Amino acid sequence: MVNYGGDEVSALVIDIGSSSLRAGYAGDDAPKAIIPTSYGYTLSPSDGDVTMGDNGSSGPKKEIFVGQNGPSIWRERMEIANPMVDGLIQDFFPIKPLIEHALENVMRVNASEHPVLVTEPAWNTPANRERMAEIMFEEFNVPAFYIANTGVLNAFASGKGTALVVDVGQTMASITPVVDGFVLRKGLVYSPLPKLVQAQARHILSRQPNILVPHQLIASKNPVEMNMPPDFIPRQDRLSGTTESWRKWAEDREIEEWVQSVAGVLEQGWNDHLANARPPKQYEFPTGFNTYFGYERFQVGEQFFMHSPQLLASNPHLPKHIPALASESLRTLESELRQVLLGNIVLTGGGTLFHGFAERLSAELSRLVSHHKIHAPGNPIERRYGGWLGGSILASLGTFHQLWISKEEWQEHGKAIVGQRCK
Amino acid sequence: MAASAADIRSALQLPDHSQEQGPSQPKKQPASGTRKPEGIPRELYALIGPQAPTLAAQLSKPRFKAKPKLGSVSAKSKWEWKTFKNGARNDGLMLGHWEKVAKDNGDEMSTEPDPSNEYKFAKYNIPPPAWNYTEDEYTRWLNDDNWSKEETDYLFKLVMEYDSRWYIVHDRYEYPGGSERSMEASCCVCRKLIRNRPWNGEESARAAMLSSFQFDKDRELLRKKYIQSLENRTPEQVAEEEALYIELKRLEQTERRFKRERENLLRTLAGMDSGLPDIVEDDGVSLGIIGAEPPKKKKKGTLLEAESPATPTPSSAYPAVKKQSTKDAAYDALHCIIRTDGPVTGSATKAAHQPAYLRSFKLPTPKPAILPKVTQALAELGITHTRLVMPTKDNVAHLEALVDATTALIETKRVSDKLDLDINVVKERIAMRRRSISRDAAEGAGGKDGMDVDGHDREGETEGEDGRAQSVASIRSGRNRKHVSSF
């Protein structure tokens, strides 16, 4: 037991990302509960008029739908929202219901009996982490709390204390230099690059009309030949009650599904000839429309590494692509650290699961530097939930237990203790 | 006989196997009464016969896997959820974990929680040795125009917070003025504290502590510059370096081959043994790698830092040769270290490697051909050249000079002896010729040639002692001999 320094105190680990919230026991190798971070809500019509006068504090009057049966089930006039903006929690109102759902409905645990470790992105604000501590101590009554950095945790998940963590999530791409378990803040760079990738995918798919109709709005459909217009009957009864935000969310999901099954990255950089030479992939949409996608599927992933000149010309404020982020981060580092970090690059996040991503990153980096080594977990669970996994490792270490912020300390020192303890 | 035994057998449809046994051997019939038991190979049964029933029984016994000992008391261990207090914490947080309950007093343990038991991970909570100072100490020793008290305080807080991880301190340093000088300042303060505080322990420990806080900013900057330049090499430069390295290796190889061939040649033609010192010297000189000094002079004091095959360590950023030549020159002069150019090439092969040796082991010796003469000559002077009481560098040089001089002397003596002999012989012949000439002249037949030779010879005789003249004389005398023989 002492050999690996583990001592499990049945801590819980909660990792909140833009796409999903992961929760589970420390010491496990995968989270027990994975629920979407997006949530649905309806404003109850009876209170609607009354709350108008309440100066917009419509929080308690919302009926909230979270979890696997939350946003994905069609409800009349249900709006969809996401508390995360650029990887940070912007709206704390749904955080409690989300965590509650994950812990109590999915995992069936009582948070007041377990120490809880929560993750945060490296660019989190002090106010945000203090608010999180407040929620955990005051709402969930946890005995102990700790907030750890996802960059550090991703490095830990790969068994490294010093690493250059390349994390591509659903909304943010970031490069975090980690040295001895501390983030070098001057070398931290991030950009909302995945959003651009999504936009590109949407752009490609919107060439066909009605391609993104979600299955919840389809009453029946008939199989059609390839490239033929779809033959389906929409659910007329639902069309009027569908909100704009729900529709957008459902379409985004369709896009994501398409991206996940079709899109890829050319390993050696963009080349029209090579892209056309790759075998096309067939994909069928919920409407029944099906077609082959050839070079388009590589255009999507290409956005991570290169912006076309016309795109740059049309939009001067494009998010930085990954080679730009990498060179920016490396520039801030001391040369001796650079060597160490380049030998320990950790690739993580669901956005890196594009076919050929690691090879392409390696090719791009070899243009920047002479030597580097990329560690990319092959297991998709480890790749997507690296932050949670690192938290699971950290919170089950015997030597870590002295770092918990206990309820006693919280009551004694207040919010300041969070900044002091969690560096 | 027309039909063989096999033919008859086949005609009678008898089994053919008796051929191996030979016709003379009586065919052993297996005992028809006892059947071959199961589990014995046929060949084995044929050998041991039916009289090993016990063995057969053992072999044929069916064997099952050993039964797992389920439910046995020893395999079961009891685990218990227990709360504990972490000694490394300042507050009273009680966490719980599963603990193995000791078997012998398992019953008592459940009733008696042992809070005094030290948490086993608490011992890893070791705070790093942090230096701090009091107000008084600061005002007395640490006042510095470049550093305000506030910034020093801030720096020390940061250093303590991040356990002297300088990369992190450097990253998090937010005091106006920048973090570049933070490490230097911290080291400086620590040094001052160590120097000025009363010290209870040994003085050497104090010195060691001081040196551990030694921080040379210029050197650090230089090191960083080296790393930078190493990193900023263009691909062409890297390729060129590589090519040069390969070229060097190739040269070395050629040199080795050349040496080997020459040694072989010398051994076969001159009968000399390989590994002659002058050959080794020659090699170095001819390639211009080793200086004019033979690679023999090495102070005893430098034995410990003997020349190792200069494989550059990966951490050393700049070439090792450069380091030696520039930086250590002053150091060497100060400590009377004399470096001999060893395997500069940096190859780790055995052939190129010259191990460390004591100078007294490699005293200069004359060539084996003239060794006894040298020994004799020196013995006449009361000198033994094989032993040197004080083999310092200078003494060895002197001894070498002496041996060289003796060798030269003996060589000269040998030549002069030979010449004396030649001269005597020639004189003898001239005398003989004179006699014969005078006899001829008396007979009335004079030769012009003979007169010429005569004149030359006389000239040679007059110039006498000079070596050069002697050699000239010897040549002439040789010519004379020809004349004489042709005569």
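On a predicted model such as this, the values are computed, not experimentally measured, just so you know.
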- Step through the shown structure and confirm whether more than 12 heavy atoms of other residues, nucleotides or ligands are within 6.0 Å of CE on B:M160. no
- Hey, is CD on B:Q228 packed in by over 12 heavy atoms from elsewhere, all under 6.0 Å? yes
- Message: I'd like to know if the side chain of A:K186 and the backbone of B:H170 have a donor-acceptor N/O pair within less than 3.5 Å.
- Response: yes
- Of B:D91, B:N90, B:L95, the largest count of non-hydrogen pairs under 4.5 angstrom with chain A goes to B:D91
- Task: Using a strict 4.0 Å threshold on nitrogen-to-oxygen distance, state whether B:R165 and A:D180 make a salt bridge.
- Result: yes
- Of the non-hydrogen atoms in A:D7 and B:F84, which two are nearest, and what is the gap between them? OD2-CZ, 4.0 Å
- Taking A:K423 for the side chain and B:E161 for the main chain, is one N or O donor matched with an acceptor at less than 3.5 Å? yes
- Task: Output the distance between atom NE2 (B:H97) and atom OG (A:S396), rounded to the nearest 0.5 Å.
- Result: 13.5 Å
- Shortest non-hydrogen contact from B:W81 toward A:S10: CH2-OG, 3.6 Å
- Message: Using side-chain heavy atoms (C-beta onward) and a distance below 4.5 Å, is A:F182 in contact with B:R172?
- Response: yes
- Note on the structure: Ordered numerically, the heavy-atom neighbours of chain B under 4.5 Å found in residues 147-165 of chain A are none
- Full working for side chain to side chain contact (heavy atoms under 4.5 Å, CB included) between A:T399 and B:N125: CA-CA 8 Å; A:T399 43; B:N125 183 31; over 6 Å; no
- For B:N86, is it the side chain, the backbone, both, or neither that has a heavy atom closer than 4.5 Å to a heavy atom of chain A? side chain
- Query: Could you go step by step and tell me if A:E334 and B:W166 meet the side chain to side chain contact (heavy atoms under 4.5 Å, CB included) rule?
  - Reply: CA-CA 11 Å; A:E334 284 183 49; B:W166 286 105; over 6 Å; no
- Quick one: what part of A:L403 sits under 4.5 Å from any heavy atom of chain B, side chain, backbone, both or neither? backbone
- Note on the structure: All heavy atoms of B:L93 vs all of A:P143, minimum pair found to be CD1-O, 3.7 Å
- Message: In the structure I gave you, are the side-chain heavy atoms of A:E336 and B:Y167 within less than 4.5 Å of one another anywhere?
- Response: yes
- Query: Can you find a pair of side-chain heavy atoms, one from A:E8 and one from B:W98, that are under 4.5 Å apart?
  - Reply: no
- Message: Quick check: closest heavy atoms across A:V183 and B:D171, and the distance to 0.1 Å?
- Response: O-OD2, 3.5 Å
- Find the one option among A:Q339, A:E113, A:K407 whose heavy-atom pairs under 4.5 Å with chain B are most numerous. A:Q339
- Query: Only one of A:H401, A:E409, A:E408 clears side-chain contact (heavy atoms from CB on, under 4.5 Å) with B:R89; which?
  - Reply: A:E409
